[in-house]
Participant: 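The following block contains the structure, expressed as structure tokens.
Letters A, B, ... are given to chains in the order of the sequence lines, protein chains preceding strands, and every chain is numbered from 1. Hydrogens, waters and symmetry mates are skipped; everything else that's a heavy atom, side chains included, is used.
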Amino acid sequence: MELSGAQILVDSLKREGVEYIFGVNGGAAMPIFDALYGETEIKLIPMRHEQGASHAADGYARVTGDVGVALATSGPGATNLVTGIATAYMDSIPMVAITGQVFTHYIGSDAFQECDIIGVTRPVCKHSYLIKNSDEVADVVAEAFHIAKTGKPGPVVIDIAKDAQMHEALFQYPETVDIRSYKPQVHGDPAQIAKAAALIKEAKRPMLYAGGGVVLANASEELRQLTLKTQIPITVTLMGLGAFPETHPLAMEMPGMHGSCCANYAFTDADLVIAIGARFDDRVTGDLSKFAPNAKKVHIDIDASCIGKNVPVDVPIVGDAKSVLTELNKQVSTADIDPWRNQIQEWKQKYPFEYEQKSDKVMPQYVIEQIYEHFSDAIVVADVGQHQMWAAQYFKFTEPRQWLNSGGLGTMGFSLPAAIGAQLGCPDKTVVNINGDGSYIMTIQELVPAVTMKLPLKIFIINNMYLGMVRQWQELFHGKRYSAVDYHDNPDFALLAQAFGATGLRVEHTEDVVPALQKAKGITDGPVVIDFIVDEEENVFPMVPAGAGLGDVIRGLS
Amino acid sequence: MAFRGSGQRTSRSDIIAKKMNSEERHIFSVLVENRFGVLARVAGLFSGRGFNIDSLNVAETHDRSISQITLVTHGDTQIIEQIYHHLNRLIDVIEVTDLSTDTHVERELVLIKIATDNPQKRTEILQVAEVFRGRVIDMKPASLVLEITGDEGKLKAAIDIFNTYGILELARTGKIAMLRGSES
């Protein structure tokens, strides 16, 4: 049967099992929105800004593991998606971003709302397609979903000209996808895996270093088996939090710039580092010349280009974390490393994450601790900045996909729309959004769809009236010259929430923190925003200053 | 967005700087889908990640659905490895071969337009062209165009010599290369 390109697109998305499309309507995408009108199998979620649409699709993908879908019109609609696409690209999140494009005969003429979005997004997506004919739609959608979710996942952009949306073609959805130039390597080389097992056997001070790749590969169970079987201490990165329960005695918590002293000291002293789905990011390694100087390195990664990019590796293993760990687990046994384990325990006990009650103000870390007390099973979506680090430090994650944040790109404004996507993806879970006063206002408009859909989001603002992380750097490295970080002109977020139709509360005293959280817990018919007015100049510690080695971690200023 | 510290960039570039001494020239043969935008993806990869392109040649192969990119670059072992993996990571790239790791042949074609102000100079130029097995493909009273094929060393020598006669215009194809056939 002949259908319009837009209808073929919608039917193709159904074949891919798409539940939600997050979008903002506009001229060059109108036929697609028209095809979605009255559609029941796919729910269209109108967002208030295209950036919100791409982050919501991203949040949905992070909690479900399925491909998130964002939709926007051409030109500014498409460029507004870009931050969300780049965010997903840096964290390897499966996403398909669909943009309308001007009529094919206008392409290249600087037509109204024309933008070469394929050109704009080229460095920030895994792949992209420009569709000029209706009969290409089905094949492109099938390929795009295949590429987005296999190998190292990532966002794929589909730009579809308006006439290709309108013209009719025969709808035939491909049963299988075979791309001759794209064959991701799933299974690791057995010889390399055997080498890794041998190194594990010999090591006296080994450590596991697991990242977001473990979550993406759904390999948390295999990671837990490896850790428990070998009894090797483990650090899980910001992107991997929850892949291994942080409450376990072998967990050293997060490494890196604001990571635990224990994990950072362990890197410095280890004789073997087994990296799994982690990429030796500069925020983890600190000064590369001082990073794990005594350690042999095993690196398991689906992306060959990630191996040896920053740090030379002794045993590279290209493959899917789940597959490689399954094989590796067959070849390992309990490591005979009691002195090393004791050393780790000593560091853990000596240097926990800690803070002082400096003033009569609410301490931000206390708020996070109490959020954890009250919502320990919740999905936590953090934004970017100090609150993100405190949340990573003081909330103890135990399950994969429980913690969402923009770790790679560090996109402020990510969290509120991502929380919307997360709540739709996991309707039975409580979704807590830990936000900053700077980041919250960047995408605050997405409170509108959250209210409209009555999503019971718990939005907690750690409000220090500053662009806090930048202020911290200015305090430490720029002689307290607080350039462009003073946010004392913030609006009253509680009142503003009420104006949006949400519940808005303001907490200024420590004794009010718990009652407010309890109240938030009881509100289930819509979003609740709590504005926690916290100590203004509290810093995130520990801290490895930029350019320093992990062993030079500053535990605190006092 | 707002928070973007300079981080450890210096130490990484230090490490890269140390390796500069061990830089090597590599020639990659890249088979790609003959599709819109592929060259931009390859070129964008090089510019975006700070890799170098010394020479680039793109053309359709005998299979019209496949194009061949011949790309000359340089870098230390780590950079070359990165280039190899990043090329492979592009969805439209079918196969990447680092020809430098094996015995291969490479050729380039150059067109040189040279001023021939007087007959004596023209005779001299034709004699030199003979040495380089150059072919005259256009001759006018005041100039001639030579076609010379060869590897990098030969073309450099030819261009150096002809430069002394005054090159008016020069165009070259960029290198193309392939592995030598196997012995058996």
Side-chain angles (χ1 to χ4, degrees), chain A residues 83 118-119 122-123 126-130 132 143 147 151-152 156 179-182 257 281-283 285-291 303-310 312 318 384-386 388 406 409-414 438-439 442 467-470 472-473 477 484-485 544-549, chain B residues 1-19 22 30-51 63 65-69 75-96:
Chain A
T83 301
I118 298 295
R122 194 178 295 120
K126 189 173 174 186
H127 198 51
S128 50
Y129 294 91
L130 170 62
K132 292 180 174 176
E143 277 194 19
I147 289 169
K152 181 180 193 164
V156 177
I179 305 170
R180 64 176 165 185
S181 56
Y182 176 71
M257 182 173 273
D281 178 81
D282 59 87
R283 284 294 187 270
T285 63
D287 182 353
L288 284 173
S289 65
K290 294 178 188 159
F291 175 73
D303 178 3
S305 76
C306 254
I307 299 180
K309 182 167 65 181
N310 299 331
V318 180
V384 171
Q386 287 183 312
Q388 173 195 24
S406 167
L409 195 66
T411 305
M412 287 177 65
F414 164 80
S439 48
M442 285 193 179
L467 210 48
M469 186 62 94
V470 181
Q472 173 170 345
W473 279 49
F477 312 121
V485 294
V544 179
Chain B
M1 188 194 282
F3 176 63
R4 207 178 151 219
S6 56
Q8 277 72 33
R9 276 289 160 200
T10 36
S11 55
R12 188 174 177 220
S13 53
D14 283 351
I15 289 172
I16 291 169
K18 266 184 226 157
K19 288 181 176 169
S22 54
V30 189
L31 294 181
V32 299
E33 294 290 346
N34 186 5
R35 219 177 257 165
F36 144 90
V38 176
L39 180 60
R41 291 182 204 279
V42 171
L45 157 63
F46 275 74
S47 64
R49 294 195 181 264
F51 302 144
D63 176 349
S65 71
I66 297 177
S67 286
Q68 173 155 38
I69 297 177
D76 61 44
T77 316
Q78 192 248 358
I79 298 278
I80 296 297
E81 208 172 282
Q82 281 285 297
I83 291 173
Y84 175 80
H85 288 309
H86 278 291
L87 282 170
N88 258 320
R89 214 162 81 122
L90 294 176
I91 306 289
D92 283 333
V93 168
I94 301 166
E95 192 185 285
V96 184

Participant: R89(B): which residues meet the salt bridge (charged side-chain N to carboxylate O under 4.0 Å, His left out) condition with it, sequence neighbours left out?
Facilitator: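 If we apply the salt bridge (charged side-chain N to carboxylate O under 4.0 Å, His left out) test to R89(B), skipping adjacent residues, the hits are D303(A).
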Participant: Name the option with the most non-hydrogen atom pairs under 4.5 Å to chain B; the candidates are C306(A), S128(A), G438(A).
Facilitator: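 Heavy-atom pairs under 4.5 Å are most numerous for S128(A).
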Participant: With a 4.5 Å cut-off on heavy-atom pairs, point out which of L90(B), I66(B), I83(B) contacts chain A the most.
Facilitator: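 If we count pairs closer than 4.5 Å to chain A, I66(B) comes out on top.
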Participant: Tell me, please, which residues at least two apart from Q68(B) pass side-chain hydrogen bond (donor to acceptor under 3.5 Å, both in side chains).
Facilitator: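 With sequence neighbours excluded, Q68(B) shows a side-chain hydrogen bond (donor to acceptor under 3.5 Å, both in side chains) to S29(B), given in chain and number order.
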Participant: Heavy-atom pairs under 4.5 Å with chain A: which of R41(B), R49(B), E81(B) has the most?
Facilitator: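 Sorted descending by pairs with chain A, the first entry is R41(B).
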Participant: For F36(B), is it the side chain, the backbone, both or neither that has a heavy atom under 4.5 Å from a heavy atom of chain A?
Facilitator: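 Answer is side chain: those atoms of F36(B) sit under 4.5 Å from chain A.
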Participant: Quick one: CD on E33(B) to CD1 on I91(B), what's the gap to the nearest 0.5 Å?
Facilitator: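 Rounded to the nearest 0.5 Å, the CD-CD1 separation comes to 11.0 Å.
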Participant: S47(B) versus chain A, heavy atoms under 4.5 Å apart: side chain, backbone, both or neither?
Facilitator: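 Contact with chain A: none, neither part.
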Participant: Taking K152(A) for its side chain and K126(A) for its backbone only, find out whether a donor-acceptor pair lies under 3.5 Å.
Facilitator: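 Here the side-chain-to-backbone pair does not exist.
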Participant: Ignoring hydrogens and angles, state whether a donor on the side chain of E143(A) or Y129(A) is under 3.5 Å from an acceptor on the partner side chain.
Facilitator: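 Present: a donor and an acceptor within the cut-off.
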